[in-house]
2 protein chains.
Amino acid sequence: MSPVDSPDLHDDLGWSLGVLLRSYRDRVTAALGEFPHGTRGYEALAAVLRGGHDSQLSLAGHLGIDRTVMTYLVDDLEAEGLVERKPNPADRRQRQIVVTDRGRALLESACDRVVAAQDEVLGALAAPERAALRSLLNKAATATGDDESREAAGAGTGLSS
Amino acid sequence: MSPVDSPDLHDDLGWSLGVLLRSYRDRVTAALGEFPHGTRGYEALAAVLRGGHDSQLSLAGHLGIDRTVMTYLVDDLEAEGLVERKPNPADRRQRQIVVTDRGRALLESACDRVVAAQDEVLGALAAPERAALRSLLNKAATATGDDESREAAGAGTGLSS
DNA sequence: TATTGTTATACTCTATAACTATA
DNA sequence: TATAGTTATAGAGTATAACAATA
């Protein structure tokens, strides 16, 4: 089989993901306006509000960033009064990130615009197709994320690279 | 509706895309080995072989990178003997990028490994789900790419940001 | 000894602007 | 005057290592 006939050349997964992620970042960043750290800050705040992350390291793993980057990110979110660092009584090495009322309000006000921007990203797809795509993406990404979490638990952070 | 109940928090498009693209880059980069510029170099070479790009600028638009980055990328691909720059007789400002025999051979040898790595990225999905996801991604990305091309034709490169 | 978070340093990548040559 | 390609510079982002506090 010649390379030109190969499926990955005609249906390039990396290219599709890259194009869509770029479109997502451009549109959602514009929709967010002044939001600190743009889409990353938004996703961090949303993940904290969703719960399940009892340390900065856990949150960093979820977002796929290094713990050193997480420090700067939380610094800036805290400086804007959107989150607070609370020491975890169960393990005083950890800091629990909690969303302030101001952070919650900002997230709420941004929410509708973000959803609209996301729909623009998938503008070529009909509503049922969008739902199917989001569901499949979520399923594939969640499994991958779990893999990474397991690796992270085993050796180092499992991040970066 | 509270932010926590909002669809974009439970089914976060940006997060899914980011996780999958990261997984794609990690696995495919490992599969490619010494390939110059990793996944970007591979995608560039594949796009050239697929045809339809008669200038570096056109190729840069397809890959979503700036023309200045494209110069360095082509420099290194050419230094490795994978492509050649040929002046376009129709417009001598443009350089046509053509794949050498060596480039074609390298791409061919990498092809199978890349396909296998891509399947690992979507490891959580059954075969029909993978096909559906790739198809939907391709459809959404192609439309977005077309949008960008139109914008690019209108004003500047339409890239970066 | 290992882990969480922080800080400092070096490196990579990218954005911007200037320049050449062609149109 | 505008575009394709190149080059140089500055900035943003990232990785790495070292450190303090806690387990």
Side-chain angles (χ1 to χ4, degrees), chain A residues 18 21-22 25-26 29 36-41 43-44 48 53-79 83-98 149 151-161, chain B residues 18 21-22 25-26 29 36-41 43-44 48 53-79 83-98 149 151-161:
Chain A
L21 186 59
R22 195 156 44 240
R25 281 190 180 143
D26 288 350
T29 299
H37 290 245
T39 57
R40 175 174 291 172
E43 283 175 26
V48 171
H53 300 287
D54 47 1
S55 70
Q56 292 186 190
L57 193 59
S58 164
L59 194 56
H62 176 74
L63 297 176
I65 62 180
D66 195 78
R67 59 187 174 149
T68 62
V69 177
M70 178 58 66
T71 296
Y72 304 131
L73 174 54
V74 175
D75 280 351
D76 293 344
L77 293 176
E78 197 173 32
V83 303
E84 284 175 1
R85 279 186 244 239
K86 289 202 338 187
N88 183 355
D91 185 338
R92 290 200 328 235
R93 292 173 301 182
Q94 300 180 349
R95 310 276 177 97
Q96 267 181 316
I97 309 301
V98 295
S149 297
E151 287 167 18
T157 66
L159 300 176
S160 71
S161 90
Chain B
L21 186 59
R22 202 174 319 119
R25 283 192 178 140
D26 289 350
T29 298
H37 290 246
T39 58
R40 175 174 291 171
E43 283 175 27
V48 170
H53 301 289
D54 48 0
S55 70
Q56 293 185 192
L57 194 59
S58 164
L59 194 56
H62 176 75
L63 296 176
I65 62 180
D66 194 78
R67 59 186 175 148
T68 62
V69 177
M70 178 58 66
T71 295
Y72 304 130
L73 174 55
V74 175
D75 280 351
D76 293 344
L77 293 175
E78 197 173 32
V83 303
E84 283 176 0
R85 280 186 245 238
K86 289 204 333 187
N88 183 353
D91 186 338
R92 292 200 325 238
R93 291 173 302 182
Q94 299 180 350
R95 310 276 177 97
Q96 266 181 317
I97 310 301
V98 295
S149 297
E151 288 167 17
T157 66
L159 300 176
S160 68
S161 90

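Just so it is clear: chains get the letters A, B, ... in the order the sequence lines come, proteins before strands, and each one is counted from 1. In this text the structure is predicted, and so the values were computed from the model without any measurement.
- Remark: A:His37 pairs with no residue by the ring-ring contact (aromatic ring centres under 6.0 Å, His included) rule, at least two apart or across chains.
- In this structure, CE of B:Met70 is placed 18 Å from C1' of C:dT16, rounded to the nearest angstrom.
- Residues passing the side chain to side chain contact (heavy atoms under 4.5 Å, CB included) test with B:Arg85, sequence neighbours excluded: B:Gln56, B:Val74, B:Asp75, B:Glu78, B:Arg95, B:Ile97.
- Distance, B:Ile65 CD1 to D:dG5 C1': 13 Å, rounded to whole Å.
- At least one side-chain nitrogen or oxygen of A:Arg40 sits closer than 4.0 Å to the OP1 or OP2 atom of D:dT14.
- Residue B:Arg95 places its side chain closer to D:dG5 than to any other of D:dG5, C:dG5, C:dT6.
- In this structure, CG of A:Leu59 is placed 17 Å from C1' of C:dT3, rounded to the nearest angstrom.
- To the nearest 0.5 Å, atom CG of residue B:Leu59 and atom CE of residue B:Met70 are 4.0 Å apart.
- Computed from coordinates, the B:Leu73 CG to D:dT6 C1' distance equals 14 Å when rounded to whole Å.
- The side chain of A:Arg22 contributes no N or O atom lying less than 4.0 Å from OP1 or OP2 of C:dT14.
- Straight-line distance from the CD atom of A:Gln56 to the C1' atom of D:dT22: 15 Å, rounded to whole Å.
- Between A:Arg40 atom CZ and A:Leu77 atom CG the span is 11.0 Å, to the nearest 0.5 Å.
- Annotation: the terminal axes of the helix from C:dT1-D:dA23 to C:dA23-D:dT1 meet at 10°, where each axis is the rotation carrying the C1' atoms of four end pairs onto the next four (5 pairs per end, rounded to 10°).
- Contacts of A:Thr68 classified as side chain to side chain contact (heavy atoms under 4.5 Å, CB included), with partners at least two apart in sequence or in another chain: A:Asp66.
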Using atom names, set out every protein N or O paired with an N or O of nucleotides 19-23 of chain C below 3.5 Å, distance rounded to 0.1 Å.
unit_1 : atom_1 : unit_2  : atom_2 : d
C:dA23 : OP1    : B:Arg92 : N      : 3.2

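- In this entry the distance linking CG of B:Leu57 with P of D:dA4 reads 5 Å, nearest Å.
- One atom, CG of A:Asp76, and another, C1' of D:dA12, lie 13 Å apart when rounded to the nearest Å.
- Closest approach of B:Leu63 to B:Leu73, counting heavy atoms only: CD1-CD2, 4.4 Å.
- With sequence neighbours left out, the side chain to side chain donor-acceptor pair (under 3.5 Å) criterion links A:Gln96 to no other residue.
- Here B:Thr71 does not reach the OP1 or OP2 of D:dG5: none of its side-chain N or O atoms lies under 4.0 Å away.
- With rounding to whole Å, A:Asp54 atom CG is found 14 Å from D:dA23 atom P.
- Taking every side-chain heavy atom of B:Asp66 into account, C:dT16 is the closest of C:dG5, C:dT16, D:dA17.
- In this structure, of D:dT16, C:dT16, C:dA8, it is C:dA8 that holds the atom nearest to the side chain of A:Tyr72.
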